[in-house]
Amino acid sequence: MRLTRLIPAAAFFAALLVVFVGLLWNLQVVSGAAYYEKSQRSIAQVETVPAARGRLLDRNGEVLAQDVTQWRADLAEDCPETVLRRLAVLCQEEGVAWSGEGSIQPVTSRLLARIKEEALTGVTLVPAVTRESSGGLAPHLLGRVGAMSPQEWETYQDQGYAMDALVGKDGAEAAFEALLRGTPGTRVVEIDRSGQVTGQSYSVTPQPGKDVTLTLDKDIQTAAQEALTAFLDRNPQSPGGAAVVLDVEDGGVLAMVSLPGYDTADFSAAYEVLSQDPAHPLMNRAVQGLYAPGSTFKLVTAAAALEEGFLTPETQILDTGRYTYYKSPQPQCWLYRQEGRTHGLETVSQAIADSCNVFFYDAGRRVGIETLDIYARALGLGVKTGIELAGEQAGVVAGPAYTQSIGGTWYEGSVLSAAIGQENNRFTPLQLAHMTATLVGGGERKQVHILKQAEGEAPYTPVTLGKLTLSEENLNAIKEGMLAVTQSGSLSGAFRSLPVTAGAKTGSAQVTGEETSNAVLVCFAPYEDPQIALALVAEQGGSGSALGPVAAAIIQAWAEGQN
């Protein structure tokens with residue numbers, strides 16, 4: 001019985017053995033020579049395939065930076081002469097420069113197709129991915145990608161980066177590296193002796209990075225950059241400047257300009273020249289430049305005096321030309337110093353419109369330096385805005401502590417110059433725009449940001465950093481003064497033809513050792529429903545009113561985008 005059961009099993013295993021022997025015979029005897037030849041002809045290489053980096057887009061979907069694939073043709077050392085001659089003909093016909101030696105780069109799409117079609121021996125087509133940005137448009141904000149430094153490698157190696165991987169170096173490229181960077185893949189490539197690829201397969205498929213949509217508006221950015229460039233061209237004594245435009249509702253950056261700038265495409269080649277340029281084109285003046293605010297700070301003094309009850313919108317202060325409350329100092333109003341005249345009795349709205357120094361000397365003295373400090377910080381001055389860009393400066397609010405920290409002496413009368421934006425007050429253009437947005441937005445200070453939405457993720461949610469209570473009556477008094485600046489004051493000519501009504505405040509900040517003041521201007525629009533706030537600074541640009549045409553061009557571009 002047991003023998004009967006074993007016979008079929010033995011037959012099955014015998015048949016299996018015969019099949020196995022047959023396969024071995026086929027592999028080693030019948031096809032052995034062919035497989036041996038193939039093994040001699042093919043070399044397997046394992047390659048890391050970088051993932052496509054996500055794109056940077058503006059708020060309307062316009063591409064600001066993206067990966068672009070460029071091909072090159074590599075030649076084997078023993079590439080036949082006939083192939084070299086044929087390549088020379090193809091390059092000539094397609095208008096591609098090639099010396100006849102070395103790789104051909106870049107390979108145009110037409111040349112690429114013809115090389116593939118002819119399958120030339122010894123020619124390997126290799127894709128090379130480069131990052132194409134918007135060139136000279138917003139280079140400081142968008143940033144660039146490049147090879148890792150040793151310090152960066154210490155950070156990125158634990159995150160799975162290859163040593164030769166490209167990473168965001170600054171700007172948005174660095175801020176959103178984790179989103180933009182994809183997951184590299186692994187590819188097995190078979191190459192024969194002539195250098196031709198005979199086969200390839202992915203063991204790990206690369207996963208592209210996420211597209212990142214920024215708050216930036218390309219049209220507003222372009223208008224701001226062109227207008228500020230034109231201003232600097234007309235005023236060669238001004239070595240540089242900055243412009244920032246914010247969305248009042250959520251704190252998003254609509255435009256950020258720092259001039260002089262540079263072209264990201266030429267950064268590596270021009271780095272040595274750029275780094276030694278005395279105009280500092282590599283510095284992002286919008287977030288790193290610290291400037292005295294001049295008379296734009298009078299908006300802070302007005303808010304503090306009104307909300308703390310030292311003034312009402314109807315309170316009048318007499319401009320006496322020279323402020324004599326203290327024995328010393330006794331500073332003058334600019335009108336008295338220049339023309340020997342005074343503004344007479346003025347309300348806070350009139351004093352903002354006329355930029356009356358004596359009014360704000362008295363208002364600042366009543367408020368006191370401690371309270372001015374509180375209001376300045378509550379409106380976003382002297383504190384970081386929270387923007388994602390690296391290197392933001394916190395700025396300085398003038399006061400006894402800072403003056404003493406730098407070895408100076410604070411006097412009781414120092415509050416007078418602090419109240420009109422002098423003393424040690426130093427802020428970035430971004431902070432001045434943030435202050436304006438917070439003020440006209442009703443006192444709610446939103447975190448400044450450049451991220452609108454990352455691909456596949458929820459949109460950015462606005463973050464409130466603080467809230468300063470501003471009564472509607474007091475806010476209207478301040479806004480009315482700013483409205484008068486654009487309707488009947490120093491900016492009326494520049495703003496006359498705008499399709500929307502705006503409010504503004506100008507400033508001229510003296511710079512130690514310079515004959516010409518820095519020009520400063522803050523502005524918001526539309527007047528009835530503030531949606532954008534902007535700040536402009538031109539180093540040694542003179543009067544802030546000179547920046548009126550720049551502000552008007554920016555508001556015009558914004559208004560056109562609303563239609």
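In this text the structure is predicted, and so the values were computed from the model without any measurement. Worth knowing before you read on, the calculation uses all heavy atoms, side chains too, and leaves out hydrogens, waters and symmetry mates.
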From [atom1] ([X]) to [atom2] ([Y]), nearest 0.5 Å:
{"X": "Leu547", "Y": "Phe231", "atom1": "CG", "atom2": "CZ", "value": "4.5 Å"}
{"X": "Phe524", "Y": "Thr436", "atom1": "CZ", "atom2": "OG1", "value": "9.0 Å"}
{"X": "Asn60", "Y": "Lys452", "atom1": "CG", "atom2": "NZ", "value": "8.0 Å"}
{"X": "Asp217", "Y": "Asp58", "atom1": "CG", "atom2": "CG", "value": "6.0 Å"}
{"X": "Asp247", "Y": "Ile532", "atom1": "CG", "atom2": "CD1", "value": "9.0 Å"}
{"X": "Tyr262", "Y": "Asp277", "atom1": "OH", "atom2": "CG", "value": "13.0 Å"}

For [X] and [Y], indicate whether the former's side chain and the latter's backbone hold a donor-acceptor pair under 3.5 Å.
{"X": "Arg285", "Y": "His280", "value": "yes"}
{"X": "Gln447", "Y": "Val463", "value": "no"}
{"X": "His140", "Y": "Pro281", "value": "yes"}
{"X": "Gln225", "Y": "Thr229", "value": "no"}
{"X": "Ser238", "Y": "Glu539", "value": "yes"}
{"X": "Trp98", "Y": "Glu101", "value": "yes"}
{"X": "Lys446", "Y": "Glu249", "value": "yes"}
{"X": "Asn425", "Y": "Gln422", "value": "yes"}
{"X": "Arg53", "Y": "Glu173", "value": "yes"}
{"X": "Asp211", "Y": "Gly54", "value": "no"}

Which atom names give the shortest non-hydrogen contact between [X] and [Y], and what distance separates them?
{"X": "Ile450", "Y": "Ala172", "answer": "CD1-CB, 4.1 Å"}
{"X": "Ala502", "Y": "Ile555", "answer": "CB-CD1, 4.0 Å"}
{"X": "Ser258", "Y": "Met283", "answer": "OG-O, 3.1 Å"}
{"X": "Ala242", "Y": "Pro429", "answer": "CB-CG, 3.8 Å"}
{"X": "Gly542", "Y": "Ser508", "answer": "O-OG, 3.6 Å"}
{"X": "Pro499", "Y": "Ala559", "answer": "CG-CB, 3.6 Å"}

Check: [Y] and [X] side chains under 4.5 Å, non-hydrogen atoms:
{"X": "Val522", "Y": "Phe297", "answer": "no"}
{"X": "Val287", "Y": "Thr385", "answer": "no"}
{"X": "Val96", "Y": "Arg110", "answer": "no"}
{"X": "Thr215", "Y": "Asp250", "answer": "no"}
{"X": "Leu57", "Y": "Val63", "answer": "yes"}
{"X": "Thr264", "Y": "Leu142", "answer": "no"}
{"X": "Gln393", "Y": "Gln431", "answer": "no"}
{"X": "Leu381", "Y": "Leu432", "answer": "yes"}

Inset, instruction - Check Arg377, Met435, His434 against Arg445 for a side chain to side chain contact (heavy atoms under 4.5 Å, CB included) and give me the one that passes. - result: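 Answer to the side chain to side chain contact (heavy atoms under 4.5 Å, CB included) test with Arg445 among Arg377, Met435, His434: His434.
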Inset, instruction - Please determine which of Gln221, Arg59, Lys218 meets the side chain to side chain contact (heavy atoms under 4.5 Å, CB included) test together with Leu254. - result: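 Of all the options given, the one that passes is Arg59.
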Inset, instruction - Please step through side-chain contact (heavy atoms from CB on, under 4.5 Å) for the pair Val397 and Tyr402, ending with a clear verdict. - result: CA-CA 8 Å; Val397 178; Tyr402 181 78; over 6 Å; no
Legend entry - Lys NZ or Arg CZ of Arg181 over Tyr161 ring: under 6.0 Å, within 45°: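 Pair Arg181/Tyr161 counts as cation-pi.
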More than 12 foreign heavy atoms under 6.0 Å from [atom1] of [X]: is that the case here?
{"X": "Gln157", "atom1": "CD", "value": "yes"}
{"X": "Glu81", "atom1": "CD", "value": "no"}
{"X": "Gln276", "atom1": "CD", "value": "yes"}
{"X": "Gln237", "atom1": "CD", "value": "yes"}

Legend entry - Chi angles and distances behind the side-chain contact (heavy atoms from CB on, under 4.5 Å) call for Arg85, Thr82: CA-CA 5 Å; Arg85 288 195 295 270; Thr82 54; 3.4 Å; yes
Legend entry - Candidate pair Gln556 and Glu560, rule side-chain hydrogen bond (donor to acceptor under 3.5 Å, both in side chains), full reasoning: CA-CA 6 Å; Gln556 179 70 42; Glu560 290 175 354; 3.1 Å; yes
Inset, instruction - Please report the C-alpha distance between Thr506 and Ser543 in whole Å, then the side-chain angles of each, then the deciding distance to 0.1 Å, and finally whether the side-chain contact (heavy atoms from CB on, under 4.5 Å) criterion is met. - result: CA-CA 8 Å; Thr506 61; Ser543 170; 5.6 Å; no
Inset, instruction - For Glu152 and Lys169, run side-chain contact (heavy atoms from CB on, under 4.5 Å): C-alpha distance rounded to whole Å, both residues' side-chain angles, the deciding distance at 0.1 Å, then the answer. - result: CA-CA 9 Å; Glu152 289 171 327; Lys169 303 294 287 185; 2.7 Å; yes
Inset, instruction - Fit a plane to each ring of His449 and Tyr460, take the angle between them on a 0 to 90° scale, and name the class: parallel (under 30°), tilted (30 to 60°) or perpendicular (over 60°). - result: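 Answer is parallel, since the angle falls under 30°.
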Legend entry - Arg55 with Glu62: basic N within carboxylate O range, under 4.0 Å: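 Salt bridge flag = no for Glu62 with Arg55.
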